Amino acid sequence: MDYVTTVTQPVALLGLSPGRRGWAVRATDEEQYTEYVTARLPTLRRIAYLLCGDSHRADDIVQNAITRLYIHWARAKAADNIDAYVRTIVVRTFLNEQRTGWLSRVRLVRETPDQPIPAGPDVETTEVLHAALARVPPKQRAVLVLRFLYDLPVADVAGILGCSSGNVKSQTSHGLAALRKHLGEHNLSLLGGR
């Protein structure tokens with residue numbers, strides 16, 4: 001058999017041991033997993049960033065999500081749409097961290113390291129929109145990101161979040177109202193003056 005039994009870091013974080021289910025991964029599966037994650041990593045980071053608004057936290061969310069993906073790789077690669085399956089893992093990881101308090105597991109420092117702000121014509125608009133989106137409740141934010149930034153239909157978003165289509169529509173409505181409220185005076189300029 002071509003099993004890899006020396007996988008330590010991802011499984012150790014989840015408390016798995018050699019006797020538990022999900023420990024051994026076939027070498028060919030590990031190659032497929034590595035290729036998939038390598039190809040999709042920028043997309044996964046983007047969705048995590050859009051959900052949480054912080055690049056470091058987005059990296060943490062993606063790391064947790066790909067660790068879970070590694071454990072459930074056989075199930076993931078058998079899914080009808082692996083990208084949707086993985087997107088679901090990322091969104092649920094974000095929502096779980098919102099519930100369990102990500103900040104309680106992070107060591108804070110006195111000074112924030114300087115980060116260059118990316119140059120571009122819409123930097124101010126992007127910053128204002130990200131700040132307003134960060135103030136929208138987590139589940140509504142997840143719905144808005146999936147519906148409008150990833151252009152997913154209501155049924156797909158409902159599947160990812162594990163709720164009804166009606167709930168997605170309601171969360172979309174409430175999320176848009178909260179976003180408009182937080183945007184305030186910037187609302188018209190973001191919509192092109194309409």
Side-chain angles (χ1 to χ4, degrees), residues 1-5 7-53 55 57-100 102 133 136-176:
M1 293 201 164
D2 58 344
Y3 283 98
V4 175
T5 57
V7 179
T8 54
Q9 190 175 13
V11 291
L13 292 173
L14 294 176
L16 294 179
S17 60
R20 292 187 62 182
R21 189 172 164 220
W23 172 260
V25 175
R26 290 183 186 274
T28 55
D29 286 349
E30 188 160 330
E31 288 175 21
Q32 291 173 345
Y33 165 84
T34 303
E35 287 175 17
Y36 178 82
V37 169
T38 302
R40 299 301 193 285
L41 200 55
T43 302
L44 299 177
R45 282 185 176 145
R46 181 173 184 259
I47 191 170
Y49 178 78
L50 291 170
L51 290 168
C52 70
S55 61
R57 188 167 166 216
D59 287 341
D60 290 344
I61 291 169
V62 169
Q63 180 62 48
N64 289 337
I66 62 176
T67 301
R68 288 187 179 131
L69 176 63
Y70 182 83
I71 300 303
H72 301 290
W73 180 247
R75 191 181 319 158
K77 73 177 189 170
D80 292 335
N81 184 344
I82 192 169
D83 290 331
Y85 187 93
V86 175
R87 196 170 33 246
T88 299
I89 292 174
V90 172
V91 171
R92 289 185 180 171
T93 300
F94 163 73
L95 292 174
N96 286 341
E97 287 192 356
Q98 289 296 116
R99 282 190 285 271
T100 59
W102 176 83
L133 193 58
V136 174
K139 195 162 185 180
Q140 292 173 7
R141 186 179 336 146
V143 169
L144 293 177
V145 166
L146 293 171
R147 290 279 321 275
F148 299 108
L149 298 176
Y150 277 85
D151 202 26
L152 294 178
V154 172
D156 289 356
V157 175
I160 289 171
L161 297 177
C163 62
S164 69
S165 295
N167 190 299
V168 170
K169 292 175 185 176
S170 173
Q171 293 288 336
T172 301
S173 175
H174 293 297
L176 287 173

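Residues take their numbers from the sequence shown, with the count starting at 1. Predicted model, so just to flag it, every value in this text is computed and none were measured.
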Can you measure from [atom1] ([X]) to [atom2] ([Y]) and round to the nearest 0.5 angstrom?
| X | Y | atom1 | atom2 | value |
| --- | --- | --- | --- | --- |
| S173 | Q140 | OG | CD | 9.0 Å |
| Y85 | I160 | OH | CD1 | 13.0 Å |
| L69 | I82 | CG | CD1 | 6.5 Å |
| L51 | L144 | CG | CG | 10.0 Å |

Looking only at heavy atoms, what is the nearest atom pair of [X] and [Y], with distance?
| X | Y | answer |
| --- | --- | --- |
| Y49 | A58 | N-CB, 3.5 Å |
| I89 | A65 | CG2-O, 3.5 Å |
| P138 | Q98 | CG-NE2, 3.1 Å |
| L44 | I47 | O-CG2, 3.2 Å |
| L161 | A142 | CD2-CB, 4.3 Å |
| S165 | A155 | OG-CA, 4.2 Å |

Which residues share a side-chain contact (heavy atoms from CB on, under 4.5 Å) with R46, sequence neighbours left out:
L50, Y150

Could you walk me through whether R141 and F94 pass the side chain to side chain contact (heavy atoms under 4.5 Å, CB included) test, one step at a time?
CA-CA 11 Å; R141 186 179 336 146; F94 163 73; 3.2 Å; yes

Who passes ring-ring contact (aromatic ring centres under 6.0 Å, His included) against Y33, sequence neighbours left out?
Y70, W73

Can you check side chain to side chain contact (heavy atoms under 4.5 Å, CB included) on Q63 and D60, steps first, answer last?
CA-CA 5 Å; Q63 180 62 48; D60 290 344; 5.6 Å; no

Less than 4.5 Å apart, any side-chain heavy atom of [X] and any of [Y]?
| X | Y | result |
| --- | --- | --- |
| Q171 | V168 | no |
| V91 | V145 | no |
| E97 | I61 | yes |
| R87 | T43 | no |
| V157 | T172 | no |
| K139 | C163 | yes |
| R92 | R68 | no |

Please name all residues satisfying side chain to side chain donor-acceptor pair (under 3.5 Å) with D59, sequence neighbours left out, ordered by chain then number.
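D59: side chain to side chain donor-acceptor pair (under 3.5 Å) contacts with R45.
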
Walk me through it: do R40 and V86 pass the test side chain to side chain contact (heavy atoms under 4.5 Å, CB included)?
CA-CA 10 Å; R40 299 301 193 285; V86 175; over 6 Å; no

